[in-house]
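For reference, the structure discussed in these notes is given below.
Every value quoted in this text rests on a predicted model; they were computed, and no experiment measured them. Residue numbering restarts at 1 for every chain, and letters A, B, ... go by the order of the sequence lines.
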Amino acid sequence: MIPLQRLVAGLSRIAVAIGSVATVTCLFLVGYSVLMRYAFGAPQPWVDKVAGWLVLGLVMLAAPEAQRRFEHIGVDIAVTKLGPRIARIAHLIGTISVAIVAAVLLKAGWEAIEFSLMVGMMTDIEGVPEWWIQLLLPIGAGLLLLVALVQTLVLALGGTPEHLPTGDEELPRDTLARGE
Amino acid sequence: MTFLLLLAALIGLLYLGMPMFAALFLLPLGVLIALEGGVPALGEMVIGKLDGYLLVAIPLFMLMAHIMVRGRVVEDLYAAAFALMRKVRGGVGIATVAACTIFAAISGSSVATALTIGKIAIPQMLRYGMSRRGAFGVVAGGGTLGILIPPSAPMVLYAYVTETSVAALFLAGLIPGLLMAAMFAGYCFITEGKAVVPADEKVPEAAHHALARAGWSLSLPIFVLGGIYMGVFTATEAAGTGTLYALLIAGLIYRTLTWRDVVQGVEEATRTSAMLLMIIAGAAIYGFMLTKLQVPQELTKLVADLGLGRTGFLIAMMVLLFVLGLVLESFSIILLTMPAILPLLDTLGIDKVWYGILLTLSLEMALISPPVALNLVVIKAITGAPLSEVNRSIYPYMLMLAFGTAMLIAFPEIALWLPRQAGYGG
Amino acid sequence: QAAVTMRLSHQFPPAHHNARVIASFAEDVAARSNGQVQVQVFPAEQLARAAENFPGVARGSFEAAAAVNFQWGTTLPEMNAMTVPYFFTDFPRIQRFAGSDAAKFLETALERRAVKNLMWLYTTRQSIFTSGRRPIVNLEDFRGLKIRGLNALTDHALTAVGAAPSSMPGPEVPQALQSGVLDAGLTDLSAAVSRRFYEIQRFGTVTPYFTVISHVYVNPRWYNGLRAEHRAAIDAAARKAEQDQLRVTEETAAAAVTELRARGMTIHEQTPQELATWRGAMQQPVIDAFLRIAPEGGARILDLLRAIRAA
Ligand code: NA
Ligand code: NA
């Protein structure tokens with residue numbers, strides 16, 4: 001169990017690192033586009049498009065790590081108060097539901113790629129086929145599926161996955177980011 | 001009725017332990033599979049919703065706030081407000097409101113505002129002899145300004161789902177935000193006359209020194225909002241240039257930022273954006289289901305049959321939003337209601353920017369209305385006070401927010417004047 | 001109770017002239033089929049975003065959608081042919097487009113992309129170049145101008161005359177024009193009215209810059225599975241909508257010029273000499289780019305469009 005957990009955690013850490021690079025790239029692209037427009041009078045319409053892809057990338061690549069840390073927003077505050085048994089069942093329902101969604105997205109991403117290859121779907125940027133972008137969906141969903149499955153497995157075997165909320169936390173873990 | 005049924009089902013799934021994004025995917029998938037046998041272009045829909053230039057603003061605004069907090073510029077902001085206000089009647093409370101207002105103009109989050117300011121301000125207020133209730137209330141209430149005063153994460157989301165201009169929304173939030181801040185400050189002035197400078201107070205830093213140190217961080221919101229107002233950049237560009245500016249201030253001028261801070265800040269901003277955007281993707285499928293079930297049409301008909309009219313509809317919505325606020329968080333509230341009522345806003349001739357500000361006010365209310373009230377949980381976490389005591393502190397602020405909402409329903413210009421000055425809308 | 005439901009997703013706001021024709025089409029289908037076929041129209045991207053319409057229809061998530069020709073981008077590059085500047089903008093030729101060989105060529109191309117074309121909806125042939133400080137009349141007026149472009153393909157025309165086209169979401173454009181982030185706007189004539197360009201721009205040059213033709217397409221499996229009389233009702237209503245749209249669009253454009261003038265905009269309608277100058281500078285760069293993105297059918301569709309005679 002432990003080696004599997006480690007492997008999946010490692011993959012998830014690598015993915016979130018790449019996702020973070022996407023965020024930084026977004027930042028510099030937006031800065032570059034403003035600079036080019038004002039300093040050189042040369043707007044860069046492609047930046048908008050590429051920045052959009054980077055957002056898709058950072059979401060799909062960071063979602064598995066958010067799941068590994070049990071950070072995805074829910075009403076966990078209420079559930080964990082109901083005792084360890086019920087809390088465990090609630091966590092299981094949580095990880096299983098994420099695994100199902102991830103599996104559905106993996107399949108949906110794959111089908112989207114098949115379709116866009118069949119009709120030759122292209123993006124707005126010359127020479128970039130749509131499936132290059134679409135590939136991010138099954139990659140992220142696949143990793144999310146792995147993370148959620150490992151968590152489910154550990155919980156079902158009576159273990160405690162890493163970062164499982166104990167019910168003692170009063171605050172959501174990443175308060176700054178809560179868009180509330 | 002279908003709408004309320006679906007809402008109830010969704011909330012049920014959440015209370016079973018599902019994360020929001022998973023529930024938002026699974027419920028409509030279940031419904032659509034039952035009705036039509038599947039959701040053929042699901043992948044394209046998810047990708048289509050996430051691949052949008054407007055959404056770029058979300059990670060960037062988060063990054064900006066992370067950098068400002070990790071650069072510890074908040075301490076300076078509070079010190080300046082405190083140095084300026086401490087001798088005024090109720091001044092220690094007013095300084096908290098002022099610090100919340102300024103921090104709100106840096107971060108798009110209320111929880112972050114309450115937490116960051118609360119940690120520094122609550123001990124100070126108690127030392128000055130402010131009542132515990134008064135001190136808790138002003139942080140929880142002042143914290144809500146985080147989403148009304150721009151930048152605001154919920155407004156970016158609202159703009160995205162309703163195709164409104166983010167810049168217009170940001171500008172529309174500014175005056176109501178400042179008015180609410182003034183109301184909070186006035187309340188401190190009236191009720192906290194007993195709070196005085198303690199006898200053993202060391203002479204604190206002179207106001208102008210503190211201001212000079214806080215000057216650079218004060219210039220950040222001016223840079224961001226000024227840029228949006230003058231039309232120098234769009235909201236996304238404001239987020240990007242604002243973040244670069246924050247890096248410059250915290251990294252080069254204050255030198256309070258380490259590489260480690262930056263790396264961690266980037267990763268956290270990325271992770272949280274992923275959490276929010278997964279919810280957005282799920283909400284897309286949920287909205288698709290609502291539209292297919294013709295829920296918006298059903299609601300439009302219902303409003304017409306009841307003869308509600310514009311004001312009646314708005315009041316009904318504020319009540320519904322308040323109830324949802326008891327169990328759900330801000331993003332979900334926006335994503336669950338907007339797809340259903342968007343066509344109605346057009347039918348009733350309700351300005352989407354105006355409605356966006358009303359919605360934000362009701363989200364602020366949700367943040368401080370028990371049982372699920374994050375800002376109150378924040379106070380409890382900082383102070384260790386029992387939740388029942390914290391809960392009692394908040395009623396005056398709820399009343400002020402309700403009053404503000406009523407004023408805004410009566411006088412839309414409070415919100416709409418500024419964006420019109422900047423050239424948005426007719 | 002209807003036997004067949006056809007869900008039609010499109011991006012036009014309900015007041016748009018295309019949306020009005022589509023709404024009448026829905027009523028017409030109901031009437032012709034005695035209520036047996038119900039067309040549920042979802043305007044303004046209510047059901048799906050513009051970019052999601054094609055996979056949605058092709059894969060059977062809903063039955064029909066409308067698109068503007070150039071939205072096919074490089075996925076079906078031949079659809080861009082009529083947006084080549086000053087290439088296919090005479091109204092008599094546009095009137096003959098539906099049913100022409102050019103239209104059939106595109107319909108075949110659409111079928112290879114797994115959708116069946118139902119009708120062509122002529123959307124505009126008149127653009128307006130708007131500006132605040134001075135009118136855009138001569139080619140020199142474009143030099144250094146920050147202007148909102150339309151798409152990568154037609155932006156070649158603007159860069160060819162020295163302008164700097166930038167892309168920007170629709171809702172941000174008026175403010176960008178007012179603040180000077182953009183110097184000039186380029187939009188469909190009737191959109192200049194609906195987006196209230198007259199409040200922020202003093203000058204407008206009206207020119208038959210390019211033609212935009214929208215269309216409604218359906219899922220072929222669904223369509224082929226319909227009963228013959230239902231299909232006949234839909235087809236007949238579609239042919240009527242195609243004809244109605246020609247008149248509605250021309251009327252909307254004519255009313256727009258009057259409205260913009262009444263609202264105080266100084267409108268310049270291009271003289272034939274000016275038009276020839278603009279065409280000379282702007283057409284060829286776009287044709288070159290078009291042939292590059294449409295190496296297979298690009299030349300053919302241009303020939304087929306040229307072959308449509310004015311009379
Ligand atoms: Na804010
Ligand atoms: Na609440």
Side-chain angles (χ1 to χ4, degrees), chain A residues 16-17 19-20 22-24 26-27 30-31 33-34 48-49 51-56 58-59 61-63 65-66 69 71-79 89-94 97-98 100-101 104-105 108-112 115 133-134 136-137 170-172 174-180, chain B residues 14-22 25-26 29 42-44 46-47 50-53 55-56 59-60 62-63 65-66 69 107-112 115 147 153-154 233 236-237 240-241 243-244 266-279 329-331 367 374 377-378 380-381:
Chain A
V16 79
S20 301
T23 304
V24 175
C26 255
L27 174 64
V30 171
S33 139
V34 174
D48 300 11
K49 206 60 218 164
W53 297 341
L54 287 169
V55 170
L56 175 65
L58 75 89
V59 174
L61 293 172
E65 180 66 8
R69 292 166 179 256
E71 282 178 337
H72 280 291
I73 297 167
V75 292
D76 42 8
I77 299 164
V79 177
I89 293 171
H91 286 313
L92 259 174
I93 293 176
S97 69
V98 173
I100 295 173
V101 170
V104 169
L105 289 180
W110 197 250
E111 287 171 358
F115 176 75
I133 313 304
Q134 291 175 326
L136 290 163
L137 179 60
E170 280 163 335
L171 283 177
D174 187 359
T175 45
L176 182 58
R178 298 283 293 208
E180 301 212 278
Chain B
L14 290 176
Y15 275 84
L16 281 177
M18 288 188 195
M20 189 72 204
F21 87 89
F25 270 106
L26 288 179
L29 281 176
L42 178 68
E44 285 92 339
V46 170
I47 291 166
L50 292 180
D51 165 10
Y53 182 61
L55 293 178
V56 179
L60 296 185
M62 291 203 176
L63 191 53
H66 266 289
V69 170
S107 94
S109 148
S110 280
V111 178
L115 182 75
I147 58 170
F233 27 64
T236 304
E237 290 171 350
T241 45
T243 307
L244 291 170
V266 168
E267 196 202 302
E268 270 182 54
T270 306
R271 251 181 12 240
T272 331
S273 305
M275 283 149 51
L276 298 180
L277 288 157
M278 285 302 282
I279 295 181
E329 37 67 59
S330 306
F331 276 89
L367 280 162
L374 270 176
V377 178
V378 166
K380 174 176 159 28

Checklist outcome for this item: What one should report as the nearest heavy-atom pair of A:Ser97 and B:Ala22 is OG-CB, 3.6 Å
Item to check | Heavy-atom pairs under 4.5 Å with chain B, option from A:Leu61, A:Thr23, A:Leu137, A:Leu27 with the top count | outcome: A:Leu27
Checklist outcome for this item: So OH of B:Tyr53 and SG of A:Cys26: to nearest 0.5 Å the spacing works out to 9.0 Å
Next on the checklist: In the structure I gave you, are the side-chain heavy atoms of A:Val98 and B:Met18 within less than 4.5 Å of one another anywhere?
Outcome noted: no
Checklist entry - When only pairs under 4.5 Å are counted, which of A:Ile93, A:Asp48, A:Ile133 shares the most heavy-atom pairs with chain B? => result A:Asp48
Item to check | Contact origin within A:Leu58 toward chain B - heavy atom pairs under 4.5 Å | outcome: both
Checklist entry - Pick from A:Leu56, A:Leu136, A:Ile89, A:Leu92: which one has the most heavy-atom pairs with chain B under 4.5 Å? => result A:Leu56
Item to check | From A:Val104, A:Leu105, A:Ile100, residue fulfilling side chain to side chain contact (heavy atoms under 4.5 Å, CB included) relative to B:Phe25 | outcome: A:Leu105
Item to check | Selection from B:Leu42, B:Leu277, B:Val56 maximising heavy-atom pairs under 4.5 Å formed with chain A | outcome: B:Val56
Checklist entry - For A:Val55 and B:Leu50, which heavy atoms make the closest approach, and how far apart are they? => result CG1-O, 3.6 Å
Checklist entry - Any idea which of A:Gly31, A:Ala17, A:Gly19, A:Ala108 has the most non-hydrogen atom pairs under 4.5 angstrom with chain B? => result A:Ala108
Checklist entry - If you measure from CE on B:Met275 to CD on A:Glu65, what distance do you get to the nearest 0.5 Å? => result 12.0 Å
Next on the checklist: Would you compute the distance between atom NE2 of A:His72 and atom CE of B:Met278 and round it to the nearest 0.5 angstrom?
Outcome noted: 6.0 Å
Checklist entry - Stepwise, does the side chain to side chain contact (heavy atoms under 4.5 Å, CB included) test hold for A:Glu111 with B:Glu44? => result CA-CA 9 Å; A:Glu111 287 171 358; B:Glu44 285 92 339; over 6 Å; no
Checklist entry - For chain A, which of B:Thr243, B:Thr241, B:Leu29, B:Leu244 has the most heavy-atom pairs under 4.5 Å? => result B:Leu244
Checklist entry - Of all of B:Ile279, B:Leu55, B:Leu26, which one pairs up most often with chain A through heavy atoms under 4.5 Å apart? => result B:Leu26
